[in-house]
Amino acid sequence: ENGSAAAIPIDPRFDIAYVTPVTIGTPPQTLYLDFDTGSSDLWVFSSHTPESQVRGQRIYSPEKSSTAKLLAGHTWSILYGDGSGSLGNVYTDNFTVGGVTVTSQAVQTAQQVSYSFTSQSEIHGLVGLGFSTLNTVFPNGQLTFFDNAKSTLDSPVFTADLKWKKEGTYDFGFIDETKYTGEITYLPVQTDPGYWTFTSSGYAVGDGAFHPASIVGIADTGTSLTYLPAEVVTSYWGQVDGAVDSDYYGGYVFPCSSKLPSFTFGVGPANITIPASYINYAQITEGSPVCFGGLQSSSWLGVNIWGDVALKAAFVVFNGANPPTIGWAKK
Ligand SMILES: CC(C)(C)S(=O)(=O)N[C@@H](Cc1ccccc1)C(=O)N[C@@H](Cc1c[nH]c[nH+]1)C(=O)N[C@@H](CC1CCCCC1)C(O)(O)C(F)(F)C(=O)NCCN1CCOCC1
């Protein structure tokens, strides 16, 4: 049973995250969750989340679902790269995305969420689409929605067609040829420790020369920006008048009036070009003449992250076959 669901930007001004409607339980409860290939926990705001930590989010109430079952003795606790986190207990229940149903999906109910989640009313939880090895449920790790759904899909794949300041789609079980142009280039994936890790073959700034390089990074729908090695981002921002790597703002900023070049990254013999507009991420504050870049250094991260700024320039196939691969196409 294949499926297709919307990926909706949570803020009309700039794409910090995308949420997708899902239904959980019987009768179905609808929540909007952030589909995140950078983690592997499916967790939701719930009736177990203290009211002081809930601010406008929809919640899942297992006690109102006739198909919910407590996974006794199981807990979870997760910390994300931006310092946010959550923890709680676990139920299994029916979980449906875009017509694809898993009948006993582990749904992790939050008993604590950090303030950054409380303050983000549009995100009602996450659906981890990384490899199940990263799942934090203790003592027995749980399978992701995709791992549970795989056997019911025509093909063990999901695709991401994220868009700049517009609604895109996640498709499950099939590859929609109308969503891309040219060929899909498939690359090997390193599944240890559990991210969709691949190696890019190099980069170019604007119309400049292509620099062959092996850039190992993760394809991460849950990260807003894109974080690449210092020498790559230095050569990019070196082409922008007035761009500086600001300790004060925590990354490369530039005068909003400056013209930005595009950024091209290699995927095997092919390449993907990120339009300049995607890299002009946002004004520091409403009306500020200072803008924050969508391409930042990964040196403080220890990992290169191809986040939404890069992903929305492409049609991406997350192929869960054995061995897994990742496919990139222009669109
Ligand atoms: C708003 C912004 C200044 C552009 S931001 O950079 O803060 N954007 C956040 C996402 C966000 C959206 C909306 C509101 C608030 C926050 C962002 O890009 N966060 C990244 C930043 C980052 C990554 N690395 C370094 N910095 C992140 O933590 N992304 C994780 C998912 C996020 C978490 C916050 C809520 C939205 C979803 C992530 O899962 O993609 C991850 F891969 F980065 C990550 O942290 N994965 C956790 C991996 N662990 C390994 C051990 O086992 C458990 C799982």
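What's counted below: heavy atoms across the whole structure, side chains too, no hydrogens, waters or symmetry copies. Remember, it's a predicted structure, so these values are computed and weren't measured experimentally. Counting convention: from 1, in listed order, for ligands and their atoms alike.
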Counting only heavy atoms not in [X], do more than 12 sit closer than 6.0 Å to its [atom1] atom?
| X | atom1 | result |
| --- | --- | --- |
| K166 | NZ | no |
| F138 | CZ | no |
| E167 | CD | yes |

If you take the nearest heavy atom of each of [options], which one is closest to [atom]?
| atom | options | answer |
| --- | --- | --- |
| atom 48 (C) of ligand 1 | W300, F292, Y195 | Y195 |
| atom 38 (C) of ligand 1 | D36, T226, L301 | D36 |
| atom 45 (O) of ligand 1 | G194, S84, G81 | G81 |
| atom 40 (O) of ligand 1 | T37, D220, I78, N135 | D220 |

Distance-only donor-acceptor check, side chains [X] and [Y], under 3.5 Å:
| X | Y | answer |
| --- | --- | --- |
| D147 | S132 | yes |
| N280 | S277 | no |
| S4 | D171 | yes |

Honestly curious: do L143 and Y195 fall in one hydrophobic cluster under the side-chain, below-4.5 Å linking rule?
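They do not share one cluster, since no chain of ILVMFWY contacts under 4.5 Å joins L143 to Y195.
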Decide whether an N or O pair under 3.5 Å exists between [X] and ligand 1.
| X | value |
| --- | --- |
| G38 | yes |
| Y281 | no |
| S224 | yes |
| F117 | no |
| Q120 | no |

Please collect all salt bridge (Lys or Arg N to Asp or Glu O under 4.0 Å) contacts where either partner lies in residues 37-62, sequence neighbours excluded, each pair once.
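As it turns out, there is no salt bridge (Lys or Arg N to Asp or Glu O under 4.0 Å) pair with a partner in residues 37-62 once direct neighbours are skipped.
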Nearest protein heavy atom to atom 3 (C) of ligand 1: under 4.0 Å?
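No.
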Checking a contact table here: which protein heavy atom is nearest [atom], and how many Å away?
| atom | value |
| --- | --- |
| atom 7 (O) of ligand 1 | D82 OD2, 4.3 Å |
| atom 27 (C) of ligand 1 | T223 OG1, 3.8 Å |
| atom 36 (C) of ligand 1 | D34 OD2, 3.5 Å |
| atom 32 (C) of ligand 1 | G222 O, 3.4 Å |
| atom 12 (C) of ligand 1 | I16 O, 3.4 Å |

Subset of ligand 1 atoms that lie under 4.0 Å from at least one heavy atom of [X]:
| X | answer |
| --- | --- |
| L134 | 52 (O), 53 (C) |
| I305 | 23 (C), 24 (N) |
| T136 | 53 (C) |

Under 4.0 Å, heavy-atom basis, I'd like to know which part of D41 is in contact with ligand 1: side chain, backbone, both or neither.
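Within the 4.0 Å criterion, D41 makes no contact with ligand 1.
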Quickly, which of N271, T273, T181 forms a side-chain hydrogen bond (donor to acceptor under 3.5 Å, both in side chains) with K330? Name it, please.
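Going through the options one by one, the only one that passes is N271.
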Testing T136, N89, V44 one by one against Q108 for a side-chain contact (heavy atoms from CB on, under 4.5 Å), which residue passes?
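Passing option: T136.
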For ligand 1, is Y227 a contact, meaning one of its heavy atoms is under 4.0 Å away?
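Yes; Y227 lies near enough to ligand 1 that a heavy-atom distance drops under 4.0 Å.
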Cation-pi geometry met for K69 and Y91 (6.0 Å, 45°):
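K69 over Y91 ring: no.
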What donor-acceptor contacts under 3.5 angstrom involve side-chain atoms of residues 21-29, with partners at least two apart or in another chain?
| residue | atom | partner | partner atom | Å |
| --- | --- | --- | --- | --- |
| T26 | OG1 | T67 | OG1 | 2.6 |
| Q29 | OE1 | S61 | N | 2.8 |
| Q29 | NE2 | S61 | O | 2.9 |

